[in-house]
Number of protein chains: 2
Amino acid sequence: MTGQVRTVDGRVAGRRGQETRQKLLDCLREMLSTSPYRDVKVIDVARMAGTSPATFYQYFPDVEGAVLEIAEEMAKDSVELKELVDGKSWAGKSGTTTSEELVDGFLAFWRKNDAILRVVTLGAAEGDKRFFKIRMTVLNSVAKPLADAVKDLQAKGQADKAQDAAAVAGSLISLLASAAEHQKAFTSWGVKIKDLKPTLAPLVYLGVTGKKAPR
Amino acid sequence: MTGQVRTVDGRVAGRRGQETRQKLLDCLREMLSTSPYRDVKVIDVARMAGTSPATFYQYFPDVEGAVLEIAEEMAKDSVELKELVDGKSWAGKSGTTTSEELVDGFLAFWRKNDAILRVVTLGAAEGDKRFFKIRMTVLNSVAKPLADAVKDLQAKGQADKAQDAAAVAGSLISLLASAAEHQKAFTSWGVKIKDLKPTLAPLVYLGVTGKKAPR
DNA sequence: ACTTGTCCTGTCATGCCGTCAGCTTACCGC
DNA sequence: GCGGTAAGCTGACGGCATGACAGGACAAGT
């Protein structure tokens with residue numbers, strides 16, 4: 001699957017080279033979570049990795065290129081998010097559980113990949129196709145099975161057929177993504193983090209089924 | 001209200017100085033909407049404004065400082081968003097209209113200030129208090145009156161009292177903000193922009209009233 | 001030990017950053 | 001109109017990040 005790892009000038013990287021490369025990626029990830037994206041410099045990353053800027057440029061064209069690498073790694077991990085929706089039931093009480101677990105799982109994933117997702121989101125918003133595609137991969141991993149679930153319910157007459165399934169799923173995933181991104185904002189509105197799930201989960205349930213959540 | 005405009009070294013700016021300053025801000029705003037934030041350089045802004053980098057540094061400590069200025073201007077404009085909720089009715093049919101106008105108005109404001117809001121959002125997510133506060137100002141201009149509306153309905157027994165009003169309002173505003181930020185994403189899900197309002201508006205209505213939207 | 005290919009770094013040209021001294025311009029009182 | 005004063009602008013400079021290259025260090029096989 002993973003093609004040969006190559007340096008910028010075309011050589012194939014050996015064992016030691018891959019280690020160095022990985023160390024650079026790790027340090028970059030670390031830097032991203034501690035300083036503003038705009039201020040992340042190659043020289044800092046190199047220093048932290050105990051190597052020189054020249055080495056960095058051997059493996060990556062620039063900071064953005066390395067960030068893309070990290071982002072793609074994360075996008076691969078995001079397949080695990082499918083499990084939050086696939087094969088789950090939306091009927092009655094179990095629907096409540098499904099929506100709660102979806103909210104929980106999604107927020108956890110976002111929090112885990114906080115820093116890199118911030119940069120991906122920015123890149124996507126700025127119109128960069130590569131970042132946009134990565135963001136899509138992550139969100140689609142939930143949005144697609146969710147849209148399928150809505151279509152299923154519509155077919156069984158258990159959900160509002162007038163709603164576009166993909167639009168519903170997209171809106172709900174956006175809601176989750178945005179809530180995940182700005183958890184700090186909620187506290188300033190006097191909302192405790194623990195209030196977030198009880199609020200989001202019913203919204204998801206409502207969006208999917210078109211019915212008020214049972215209690 | 002607005003104190004004297006001052007240069008970095010303390011001089012008060014006169015007519016000509018203010019013009020230059022404003023031209024720099026305009027050019028920066030332009031640059032932000034055409035190139036990635038990370039790549040916006042002082043020298044480019046200065047060149048576009050037909051002046052020198054040194055002049056830029058006379059009015060702003062750095063790029064971020066100037067961006068903050070633009071953002072604060074925008075935050076002032078955001079008071080107009082209050083009107084989208086204040087004094088509106090959520091009962092029956094008129095509730096549907098209210099939610100639709102809220103969605104429309106909010107999306108329009110966000111689209112108008114696209115570029116600067118992107119940077120504000122990034123800064124806030126990275127933990128910068130100044131950007132965070134500005135983002136709060138914008139979102140609060142809708143979230144506060146919306147929370148009041150929910151409390152009102154709760155008091156009248158027309159909404160679910162178990163929900164925290166502020167949390168509901170916060171989640172809904174986050175939903176709108178996120179949808180506004182990533183309109184392009186929706187099209188890749190096969191969702192037409194015009195499908196967005198019919199999807200978001202009922203979600204808002206549902207969130208506020210806890211009832212399924214009438215049609 | 002020698003060869004081969006990978007890996008790292010010293011060094012250099014280039015370009016942006018951020019500051020300062022000093023020159024020019026506008027305004028004001030006389 | 002004349003000089004004084006403060007505002008406005010820029011050339012120039014040290015400093016640092018970028019990105020390219022060539023050559024030295026190193027590991028592995030022979």
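What you see below is based on every heavy atom in this structure, not just the backbone, and it leaves out hydrogens, waters and symmetry mates. Chain naming here is simple, since letters A, B, ... match the order of the sequence lines and numbering starts at 1 in each.
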Dump every N/O contact between nucleotides 26-28 of chain C and the protein below 3.5 Å, one line per pair.
none

Using a cut-off of under 3.5 Å, enumerate the N/O to N/O pairs linking the protein to nucleotides 10-12 of chain D.
| residue | atom | partner | partner atom | Å |
| --- | --- | --- | --- | --- |
| dT10(D) | OP2 | Thr51(B) | OG1 | 2.8 |
| dT10(D) | OP2 | Ser52(B) | N | 3.3 |
| dT10(D) | OP2 | Thr55(B) | OG1 | 3.1 |

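As a whole-Å value, the separation of Tyr59(A) OH from dT9(C) P is 10 Å. Asp62(B) has its CG atom 9 Å from the P atom of dT19(C), to the nearest Å. Atom CZ of Arg47(B) and atom P of dG15(C) are 10 Å apart (whole Å). One can place CD1 of Ile43(B) at 18 Å from P of dA17(D), the figure rounded to the nearest angstrom. Distance CG (Leu24(A)) to P (dT9(C)): 10 Å, rounded to an integer number of Å. At whole-Å resolution of the value, CD in Gln18(A) and P in dG5(C) are 19 Å apart. Residue Arg21(A) contributes atom CZ, which lies 12 Å from atom P of dC8(C) at whole-angstrom precision.
Considering only residues two or more places apart in sequence or on other chains, Asp86(A) meets the salt bridge (charged side-chain N to carboxylate O under 4.0 Å, His left out) condition with none of them. In this structure Tyr205(A) satisfies the ring-ring contact (aromatic ring centres under 6.0 Å, His included) test with no other residue, sequence neighbours excluded. Considering only residues two or more places apart in sequence or on other chains, Arg111(A) meets the salt bridge (charged side-chain N to carboxylate O under 4.0 Å, His left out) condition with none of them. Taking Phe60(A) as the reference, Phe56(A) meet the ring-ring contact (aromatic ring centres under 6.0 Å, His included) condition, with sequence neighbours excluded. In this structure, Gln18(B) has no side-chain hydrogen bond (donor to acceptor under 3.5 Å, both in side chains) partners at least two apart in sequence or on a different chain. Here Arg118(B) pairs with Leu122(A), Ala125(A), Glu126(A), Asp114(B), Ala115(B) under the side chain to side chain contact (heavy atoms under 4.5 Å, CB included) rule; sequence neighbours left out. Partners of Arg38(A) by salt bridge (charged side-chain N to carboxylate O under 4.0 Å, His left out), not counting sequence neighbours: none found.
Of the residues in residues 29-42 of chain B, Lys41(B), Val42(B) come within less than 4.0 Å of DNA chain C through at least one heavy atom, sorted by number.
Applying the salt bridge (Lys or Arg N to Asp or Glu O under 4.0 Å) test to residues at least two apart or on different chains, the pairs with a partner in residues 47-61 of chain A are Asp44(A)-Arg47(A).
Between the side chain of Asn113(B) and the backbone N or O of Ile116(B), no donor-acceptor pair lies under 3.5 Å.
You'll find that the side chain of Tyr57(B) is closest to dT19(C), out of dC16(C), dT19(C), dA17(D).
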Run the side-chain donor-acceptor check on residues 97-106 of chain A: report pairs under 3.5 Å with partners two or more places apart or on a different chain.
| residue | atom | partner | partner atom | Å |
| --- | --- | --- | --- | --- |
| Thr97(A) | OG1 | Lys93(A) | O | 3.4 |
| Thr98(A) | OG1 | Ser89(A) | O | 2.7 |
| Thr98(A) | OG1 | Ser94(A) | O | 2.9 |
| Ser99(A) | OG | Gly95(A) | O | 3.2 |
| Ser99(A) | OG | Thr96(A) | O | 2.9 |
| Glu101(A) | OE1 | Lys88(A) | NZ | 3.4 |
| Asp104(A) | OD2 | Lys197(A) | NZ | 3.2 |

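Using a cut-off of 4.0 Å between Lys/Arg side-chain N and Asp/Glu carboxylate O, Arg29(B) and Glu73(B) are scored as salt-bridged.
Between Asp44(A) and Thr20(B), it is Thr20(B) whose nearest contact on DNA chain D lies nearer the 5' terminus.
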